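Reading through the structure tokens given below for one structure.
The figures here come from the full heavy-atom set of this structure, side chains too, leaving out hydrogens, waters and symmetry mates. The shown structure was predicted, so the numbers you read here are calculated from the model rather than taken from an experiment.
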Amino acid sequence: MGLSYGLFICFLLWGGTGLCYPPTTAGDKTHPSLPSSPSVMVECRHAWLVVNVSKNLFGTGRLVRPADLTLGPENCEPLISGDSDDMVRFEVELHKCGNSVQVTEDALVYSTFLLHNPRPVGNLSILRTNRAEVPIECRYPRHSNVSSEAILPTWVPFRTTMLSEEKLAFSLRLMEEDWGSEKQSPTFQLGDLAHLQAEVHTGRHIPLRLFVDYCVATLTPDQNASPYHTIVDFHGCLVDGLSDASSAFKAPRPRPETLQFTVDTFHFANDPRNMIYITCHLKVTPANRVPDQLNKACSFIKSSNRWFPVEGPADICNCCNKGSCGLPGRSLRLSHLDRPRHKMASRNRRHVTEEADITVGPLIFLGKAADRGAEGSTSPHTSVMVGIGLATVLSLTLATIVLGLARRHHTASRPMICPVSASQ
């Protein structure tokens, strides 16, 4: 069966709010059909990602320099191109350059981004092109053979089949407001609610209950990057709800292996990028185990100023106030980063990975550029109004002074009539 993949590209320039291209898909081995003369063309191959970038990236006729283009969090450089070439080309393996991979119900999704970061030329201190980031995704269906060759071996030992059935597939998806389907567009207005659904697909495994151990938002798919904002911490406390946000877990669950929650969207201050990635550490326990302080889903309810669990005894959330649900007084994210990678997942059964880090994103916020525009237009308007006010006050003051002087002059110019005495 031929290679089948899906591609989603959105192109967002800083200071703008438009998405260049809608999602595109294709079913053959050539790159997907994109609009005529695209600035960025992506080809998802069997094990490689090929990105061709037009030097006329912005369509203005001003060419970008290949040295200003990189791919992925690790800033992979393009292939060497001549000055006469119109395109800049990247060829990288899917798992290189810091690319992230996400396992969904029906696909393997590799995510990365193309970065244009212009730098001044020579001794100049000005730039004539914008910084831009182009998120890139390659989707590969899970339920098909991605090779045209025969599947070998054609006979699989019984013990191998049993072990494969025990593997767990974790997923984290953006959902529509009614939770009925996956969100088609990753764009939000600032202040909107992002609906996230964490899920584990158990196959023939024993019934399991899923928990979100912690979640962190960053500007790149790297959960260890700075700056970051903690959304869930301390083994299931949705700490983002402590602020002015309404973030909360949804109760009751639709199923034990599914956990839904909402997050008030935000962006990082003092950073021009208007997109974030959310990485969550997911884990499971047997469905018949009663939730406890280490396995819980707790939301802070402002109306009662208390923590409440999605299920289980109410007192399992008491530790959220002090942050003492795991290591005393220490964020779970920090303790997680200190642990060696190979010790991340505990195994109560053989060959069963009961924990996983899953990243969703980018979430793109359309309101940030507009906010900057509003701020830029407010200052001149305010200055004009203040100037008009001061001019009005000054005019009224001068008019009052002139009127007073006129009245005095008029009084002084009147003739004085003195009465004549009768004796004279």
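Side-chain atoms of Q223 do not come within 3.5 Å of backbone N or O of P221 as any donor-acceptor pair. At distances below 3.5 Å, not a single donor-acceptor pair connects side-chain atoms of T112 with backbone N or O atoms of I136. The backbone N or O of T258 sits less than 3.5 Å from a side-chain atom of R253, completing a donor-acceptor pair. Distance alone, capped at 3.5 Å, places no donor-acceptor pair between the R273 side chain and the T220 backbone. No donor-acceptor pair under 3.5 Å is formed between the side chain of K183 and the backbone N or O of E177.
Under the side-chain hydrogen bond (donor to acceptor under 3.5 Å, both in side chains) criterion, N56 pairs with no residue at all, not counting sequence neighbours.
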List the steps and the verdict of side chain to side chain contact (heavy atoms under 4.5 Å, CB included) for R131 and L115. CA-CA 8 Å; R131 187 181 190 276; L115 179 64; 3.6 Å; yes
Please step through side chain to side chain contact (heavy atoms under 4.5 Å, CB included) for the pair S247 and F266, ending with a clear verdict. CA-CA 12 Å; S247 306; F266 58 89; over 6 Å; no
Between R306 and I301, does the side chain to side chain contact (heavy atoms under 4.5 Å, CB included) criterion hold? Intermediate values first, please. CA-CA 6 Å; R306 292 180 56 191; I301 309 301; 5.8 Å; no
Checking E355 against H281 for the side chain to side chain donor-acceptor pair (under 3.5 Å) test, could you report, in this order, the C-alpha distance in whole Å, the side-chain angles of both residues, the deciding distance, and whether it holds? CA-CA 7 Å; E355 303 181 41; H281 185 71; 2.5 Å; yes
Would you sort out whether K96 and E74 count as a salt bridge (Lys or Arg N to Asp or Glu O under 4.0 Å), showing the intermediate values? CA-CA 8 Å; K96 294 295 181 65; E74 295 181 1; over 6 Å; no
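R173 places a side-chain heavy atom less than 4.5 Å from the side chain of E199. Between L49 and C138 there is a side-chain heavy-atom pair separated by less than 4.5 Å. With a 4.5 Å cut-off on side-chain heavy atoms, S171 and H201 count as touching. A 4.5 Å side-chain heavy-atom check between I231 and V216 finds every atom pair outside the cut-off. Between Q260 and Q197 the shortest side-chain heavy-atom distance falls below 4.5 Å.
Cysteines C320 and C237 are disulfide-linked, with SG atoms closer than 2.5 angstrom.
The environment of L79 atom CG is dense: over 12 non-hydrogen atoms of other residues, nucleotides or ligands sit within 6.0 angstrom. Surrounding CG of D178 are more than 12 heavy atoms belonging to other residues, nucleotides or ligands, all under 6.0 Å away. Annotation for E77: atom CD does not count as buried by contact number, only 12 or fewer foreign heavy atoms lying within 6.0 Å.
For the pairing with F249, the ring pair (Phe, Tyr, Trp, His ring centres under 6.0 Å) check across F211, F300, W307, F261 returns one residue only, F261.
Judged by distance alone, the side chains of D264 and S246 do bring a donor and an acceptor atom under 3.5 Å apart.
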